[in-house]
Amino acid sequence: MNKQLNIFNTLSGKKEKFIPINTGKVGMYVCGPTVYDFPHIGNARPLVVFDVLFRLLKKLNGDDKVTYVRNITDIDDKIIEASKNKKIPIDKLTKDITKNFHDDCKYLNCLKPNFEPRATEHIKGMISMTENLLNNKHAYEKDKHVYFSVNSFKNYGKLSNKKPDELEAGSRVEISKLKNNPLDFVLWKPSSTDDPGWDSPWGRGRPGWHLECSVMSEKFLGKNFDIHGGGLDLVFPHHENEMAQSCCANETDKFANYWLHNGYVTFNKEKMSKSVGNIVTIQKMREKINGQVIRFALLSTHYKQPLDWNEKLINESQNTLDKWYSLFEKIGENELSDDLLQPLLQDLNTPGYISKLHSLYDKASKGDKYSKKLFLTGCNAIGLLEEDLKSWEKFKKTNSKIDEKTIRIKIKNREDARKNGNYKLADSIRKDLEKSGIIIEDKNDKTKWRYK
RNA sequence: GGCCACGUGGCGGAAUGGUUACGCAGAGGAUUGCAAAUCCUUCCAUCCCAGUUCGAUUCUGGGCGUGGCCUCCA
């Protein structure tokens, strides 16, 4: 069977064969967080989706053949604003949120990218890319601002499938008078003395939003690389602008060959927004849900489809993993069967893959050793069942309001009642325990208990 | 207004020019003092209308509906 990966490319609007620029080597850049606020479930989706892709690419090409770069944007107007609102110095804010983000990544069992560059470490590169664009007449300076001239890039709008003139007509943005064209975007802007700033040929200032990704992707992956990923909301304007400035600065036709975008997460069918107050932060979930549950839930829908986040989804994911954990065993690195791999090779079809895992689970639980090994390998391949049983049980323990000693006493009482034929009492004890999140199972002659 | 995506059983969710996965829920049974767990069996779906075709859920056109983007966003 073939091991050809096919992925949907936003640039062409089609599913394409994935062919890396250098055979057997892959470079992938994914837009990371702007560190101004705690990451939420919507931020978690690309983290998990592209982590699965990263794992798959490693499986297909070899562990050390994939370079995964995910930036941290630590200079941005949103950060400046958040710092003022929260009255936290920028350094502390970005440091804290970055730390939090890393904890979230770990919690979601995401592998570390090979590089995680910060925007503020690449200001020099951004300045020289801006100079370069100015020299090539792709940008212009006005009143200490430098703007990218959208008209100078003939392919502008190709990625997001938009026509520049239509964009202008529908523009609802308040247009800066300094711009020659309403679509032009800022590469460099002046900073007030209170705001973070760096010396530049255009005075003390800071970079525009899109520039960091252009500069850092080039530094770590080159002018032309394989995969660029991110959330659907980044297609326009972020990725469109990134591509425009990179192609113009690098004098290339190609920037990223394949663009992948994950769909949105809604919350109870509503768009997540701060004004509605329905943002679920990952930090909050860490308190009582195992990260694998979140991971599983995020993978239960194809990455391009919208995903609704709700209680039922979490419960079902939790129950499935609970069932799967009954077969838990630590196993080493193993090969996936071609058959199992197929759905992932078709544009990362994780629901199809999970369905195959279900069928392997069935065979495995009936004693098929080969299926069991494959099942466990398959789970591990998408970052599931890597934690041992004890840590899987941990959350159930913390969530239950009863200690083990009490449980044992109650079970003993129930045993006695049963022996005396007092089933009424026995049943009420069981009901009681169930309310505390404990399930009783009478197996053979022994009574077993477990957390709900 | 422009552009785009989507519409599959009670719910979630894949795939496909020809037998429509899978999970949850439901029903029946085995088991049990009763349960739970497990096992077995089982019910249920491709928005509407045309067209192409031997055959459409899949392709084409139209309609209806939902959502998104065109402003910061994962």
Side-chain angles (χ1 to χ4, degrees), chain A residues 10 13 30-34 36-37 39-50 76-78 81 157 160-175 182-183 209 229-238 240 261-266 269-274 279 282 296-308 310 312-313 315-320 322-324 326 342-343 346-347 349-359 361-362 365-366 417-419 421-424 426-427 430-431 433-434 438-444 447-450 452:
Chain A
T10 307
V30 175
C31 286
T34 300
Y36 71 107
D37 208 351
H40 54 75
I41 187 63
N43 305 96
R45 194 173 192 190
L47 288 176
V48 169
V49 164
F50 291 106
D76 183 273
D77 286 6
K78 287 195 297 288
E81 203 185 318
S160 54
N161 201 15
K162 293 182 192 306
K163 295 186 182 97
D165 44 332
E166 283 169 2
L167 276 171
E168 277 180 55
S171 177
R172 284 185 272 145
V173 200
E174 200 182 324
I175 298 154
L183 292 181
W209 174 30
L232 189 62
D233 51 335
L234 294 179
V235 179
F236 188 89
H238 183 52
E240 191 71 60
H261 295 99
N262 63 271
Y264 293 97
V265 180
T266 54
K269 299 274 179 192
E270 260 185 44
K271 187 176 169 164
M272 282 198 288
S273 79
K274 285 193 180 156
I279 301 265
I282 305 168
F296 186 93
L298 289 171
L299 295 175
S300 64
T301 300
H302 182 90
Y303 76 91
K304 274 174 38 157
Q305 295 299 122
L307 171 75
D308 188 53
N310 55 65
K312 192 179 176 222
L313 176 67
N315 289 339
E316 282 188 11
S317 305
Q318 161 89 34
N319 290 342
T320 301
D322 214 27
K323 190 171 102 174
W324 285 6
S326 67
Q342 285 313 303
Q346 293 306 318
D347 199 27
N349 181 0
T350 48
Y353 183 80
I354 287 170
S355 117
K356 280 186 186 287
L357 290 178
H358 276 296
S359 128
Y361 171 87
D362 281 345
S365 63
K366 280 171 193 146
R418 287 180 75 208
K419 270 178 202 154
N422 189 351
Y423 292 119
K424 212 170 175 183
D427 288 355
R430 184 175 58 205
K431 238 179 192 171
L433 280 167
E434 199 181 335
I438 304 299
I439 302 284
I440 298 284
E441 290 174 19
D442 298 326
K443 263 186 185 164
N444 302 326
T447 297
K448 286 189 169 181
W449 67 273
R450 63 186 167 86
K452 205 171 184 175

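Below, chain A is the first sequence line, B the second, and so on; all start at residue 1. The structure presented is a predicted model; accordingly, all values stated were derived computationally and were not measured. No hydrogens, no waters, no symmetry mates; every other heavy atom, side chains included, goes into these values.
Nucleic acid contact class of A/Val265 (heavy atoms, under 4.0 Å, all strands): base. Across all strands shown, A/Lys269 has heavy atoms under 4.0 Å from sugar-phosphate atoms exclusively, and none from any base. Nucleic acid contact class of A/His261 (heavy atoms, under 4.0 Å, all strands): none. Using a 4.0 Å heavy-atom cutoff across all strands shown, A/Gly230 reaches sugar-phosphate atoms only and no base atom. Within the nucleic acid shown, A/Phe236 comes within 4.0 Å of sugar-phosphate atoms alone, with no base atom in reach, counting heavy atoms only.
Between the side chain of A/Asp442 and the base of B/rC34, a donor-acceptor pair under 3.5 Å is found. Judged by distance alone with a 3.5 Å cut-off, no donor-acceptor contact links the side chain of A/Arg45 to the base of B/rA74. In this model, a side-chain donor or acceptor of A/Asp427 finds a partner on the base of B/rG33 within 3.5 Å.
A/Lys78 and A/Asp76 are joined by a salt bridge, as a carboxylate oxygen and a charged side-chain nitrogen come within less than 4.0 angstrom of each other.
Stem regions for RNA chain B, each three or more consecutive Watson-Crick or G-U pairs with both distances under 3.5 Å and listed by first number, read B:1-7 with B:64-70, B:10-12 with B:22-24, B:26-30 with B:38-42, B:47-51 with B:59-63.
Proximity of a side-chain donor or acceptor of A/Asn43 to a complementary backbone N or O of A/His40 within less than 3.5 Å is detected. Between the side chain of A/Ser355 and the backbone N or O of A/Pro351, no donor-acceptor pair lies under 3.5 Å. The backbone N or O of A/Lys269 sits less than 3.5 Å from a side-chain atom of A/Asp308, completing a donor-acceptor pair. Side-chain atoms of A/Arg45 come within 3.5 Å of backbone N or O of A/Tyr264 as a donor-acceptor pair.
The ring of A/Tyr423 lies on top of the base of B/rG33, close enough and flat enough: under 5.5 Å between centres, under 30° between planes.
When distances run from any side-chain atom of A/Arg450 to the nucleotides B/rG23, B/rC22, B/rA36, the shortest one goes to B/rA36. Across B/rG23, B/rA14, B/rC34, the shortest atom-to-atom separation from the side chain of A/Arg418 is found for B/rC34. Minimum atom distance to the side chain of A/Asp362 is reached by B/rG23, of the listed B/rG13, B/rA74, B/rG23.
Mapping A/Pro351 and A/Lys356 onto RNA chain B by nearest heavy atom places A/Pro351 closer to the 5' end of the strand. Take the nearest nucleotide of RNA chain B for A/Ser300 and for A/Ile439: the residue whose nucleotide is more 5' is A/Ser300.
For A/Lys323, there are no salt bridge (charged side-chain N to carboxylate O under 4.0 Å, His left out) partners at least two apart in sequence or on another chain.
Side-chain contact between A/Leu307 and A/Leu313: present, with at least one pair of heavy atoms (C-beta onward) separated by less than 4.5 Å.
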Sugar-phosphate or base contact per nucleotide [nucleotides 2-10 of chain B; S, B, -; heavy atom under 4.0 Å]: SSS------
